[in-house]
There are 2 protein chains.
Amino acid sequence: MRYKTVIVDDHPIVISGIAGLLSDLDNIEIVEKFESGVALLDYIEEHTVDLILMDIFLPVINGVDLCKTIKQKYPKLIIIGMSSQSERSLVMQFIQNGGNGYVLKNASFGEFKECINRAIAGEIVFSEEVKMIISQPLSEDLERIPSLSRRERDIALLLSQGKSTQEIADDLFLSFLTVQTHRRNILQKYKMKNVAELIAFLLKNNLLN
Amino acid sequence: MRYKTVIVDDHPIVISGIAGLLSDLDNIEIVEKFESGVALLDYIEEHTVDLILMDIFLPVINGVDLCKTIKQKYPKLIIIGMSSQSERSLVMQFIQNGGNGYVLKNASFGEFKECINRAIAGEIVFSEEVKMIISQPLSEDLERIPSLSRRERDIALLLSQGKSTQEIADDLFLSFLTVQTHRRNILQKYKMKNVAELIAFLLKNNLLN
DNA sequence: TTTCTTTTACCTGTTTTCAGGTAAAAAAGC
DNA sequence: GCTTTTTTACCTGAAAACAGGTAAAAGAAA
């Protein structure tokens with residue numbers, strides 16, 4: 001059997017690279033290539049797909065959410081995530097959403113191919129560097145990342161722009177004390193010591209904007 | 001004449017993609033591929049190279065500094081920068097360091113090829129999205145981004161981990177006052193209001209780690 | 001309707017940051 | 001050797017963040 005495979009990446013160059021790599025594997029048949037998740041969602045509604053290789057950082061819908069959406073409808077579809085650099089929490093979330101594997105783009109060709117073959121065989125696969133990342137379990141990472149509420153995100157965004165509590169209160173027409181409460185709640189939610197650590201965390205986990 | 005071309009990117013997949021793309025161009029001859037800048041520096045010492053396509057976010061030396069180093073020794077060498085996403089300031093700095101063009105990896109194949117051909121012809125080239133980015137001149141971006149010194153980077157990194165001035169002083173065996181001075185210097189260097197804004201700026205511009 | 005989450009707001013006190021100085025030894029660059 | 005940058009260090013006072021509470025109104029979800 002040949003696995004009908006789709007590649008999703010917003011970089012044509014990367015698509016071409018993967019396609020070239022996969023041409024060696026005779027159990028893989030590349031049926032389509034997309035630069036965004038929405039195009040993919042439309043496609044799988046009307047076509048049979050067995051395997052998806054997707055970038056995690058995509059324009060409109062990110063890969064983690066995209067994976068969840070697809071897996072809810074097509075649980076048997078095999079999805080492998082890819083990214084340039086990654087955080088433990090991101091990989092875990094992807095797997096939690098049903099992903100069958102995660103490969104860093106700096107993986108060697110050999111690693112890539114092996115991961116794909118083993119994923120097809122039913123395993124959950126990771127490239128070497130991803131294994132390194134996930135083998136250092138930090139207790140905080142084990143918990144699912146809660147999301148920011150709308151107001152919290154507004155405030156976090158202004159904090160990342162260097163605004164003080166008072167300035168944010170003025171910008172959003174809120175009481176100084178309200179903003180103070182929100183800020184503290186955000187810090188507590190992610191167990192962060194201060195705003196600097198928070199901003200670093202939010203940016204690395206793409207929770208901002 | 002065939003241009004002896006080198007590709008530098010830490011993602012094998014991307015190298016493969018570009019190589020495939022360039023195989024269409026018969027005035028380009030790919031002589032070598034590297035995953036890091038240091039390997040490239042060694043190579044060009046002993047071989048003739050006419051054109052370099054380099055990723056900006058590279059492990060040890062970043063592409064902007066790498067470009068500067070190479071151009072100082074080999075001003076005629078044509079260097080085209082590439083990255084996945086980019087900031088105006090980063091592109092400007094690359095060009096200021098002698099880069100002959102800048103292309104986003106989400107550029108179409110046609111754009112890629114055209115950029116390369118025009119760069120060879122002596123032009124400074126940008127892919128469409130890069131043109132968009134640089135055509136919105138923000139005054140702050142017009143100034144060159146200074147880089148962090150080693151000590152400053154150490155301290156900025158610890159700041160991004162939520163450490164306080166005292167904790168950093170303890171970690172690095174420095175006086176509290178010394179760390180305070182460094183932190184202030186960093187803030188002044190980038191004209192940032194506070195550490196939160198600083199961390200956001202550093203992460204977005206990949207000046208950290 | 002009841003429950004949970006979100007958004008709003010207040011009070012107090014301690015710790016830390018931020019902004020303004022200055023300056024000398026060490027290292028790096030030319 | 002000379003110059004510039006980096007690293008080290010100190011002083012002070014105002015501003016802001018942080019940590020600990022509490023709590024009510026509004027909105028969403030069950």
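Only heavy atoms go into these numbers, but all of them, side chains included; no hydrogens, no water, no symmetry mates. First the proteins, then the strands, lettered A, B, ... as listed; each starts at 1.
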Is the distance from OP1 or OP2 of [N] to the nearest side-chain N or O of [X] less than 4.0 Å?
| X | N | value |
| --- | --- | --- |
| B:T178 | D:dA9 | yes |
| A:R183 | D:dA17 | yes |
| B:T165 | C:dT16 | no |

When you measure from the side chain of [X], which nucleotide among [options] comes out closest?
| X | options | result |
| --- | --- | --- |
| A:L177 | D:dC18, C:dC10, C:dC18 | C:dC10 |
| B:V195 | D:dT22, D:dT7, C:dC18 | C:dC18 |
| A:L187 | D:dC18, D:dT7, D:dA9 | D:dC18 |

Testing the 3.5 Å rule here: is there a donor-acceptor pair between the side chains of B:N106 and A:E35?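 No donor-acceptor contact under 3.5 Å links the two side chains.
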
Going through the distances and angles, do B:K105 and B:I18 end up as a side-chain contact (heavy atoms from CB on, under 4.5 Å)? CA-CA 10 Å; B:K105 286 183 188 168; B:I18 297 170; 6.0 Å; no

For residues B:F126 and B:Y102, establish whether the separation of their ring centroids is below 6.0 Å.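 Distance test on ring centres: not under 6.0 Å, no.
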
Whole-Å gap separating [atom2] ([N]) and [atom1] ([X]):
| X | N | atom1 | atom2 | result |
| --- | --- | --- | --- | --- |
| B:K193 | D:dA15 | NZ | P | 17 Å |
| B:E197 | C:dT17 | CD | P | 17 Å |
| A:E152 | C:dT5 | CD | P | 12 Å |
| A:I155 | D:dA17 | CD1 | C1' | 15 Å |
| B:F176 | C:dT16 | CZ | C1' | 7 Å |
| B:Q188 | C:dA19 | CD | P | 8 Å |
| B:H182 | C:dT17 | NE2 | P | 15 Å |
| B:K191 | C:dA19 | NZ | P | 14 Å |

Toward the 5' end of DNA chain D, by each residue's nearest nucleotide, B:F173 or B:N194: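 Its nearest nucleotide being more 5', the pick is B:F173.
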
Start at the 5' end of DNA chain D and walk down; is the nucleotide closest to B:L148 or to A:L159 reached first?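 With B:L148 and A:L159 compared, the 5'-side residue is B:L148.
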
Sugar-phosphate only, base, or nothing, as touched by [X] at under 4.0 Å among non-hydrogen atoms:
| X | result |
| --- | --- |
| B:R150 | sugar-phosphate |
| B:Q180 | base |
| B:S164 | sugar-phosphate |
| B:S175 | sugar-phosphate |

Taking the side chain as every heavy atom from C-beta outward, state whether A:T181 and A:V179 have any pair of such atoms under 4.5 Å apart. no

Is any side-chain heavy atom of A:L51 closer than 4.5 Å to a side-chain heavy atom of A:I116?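 Yes; the side chains approach each other to less than 4.5 Å.
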
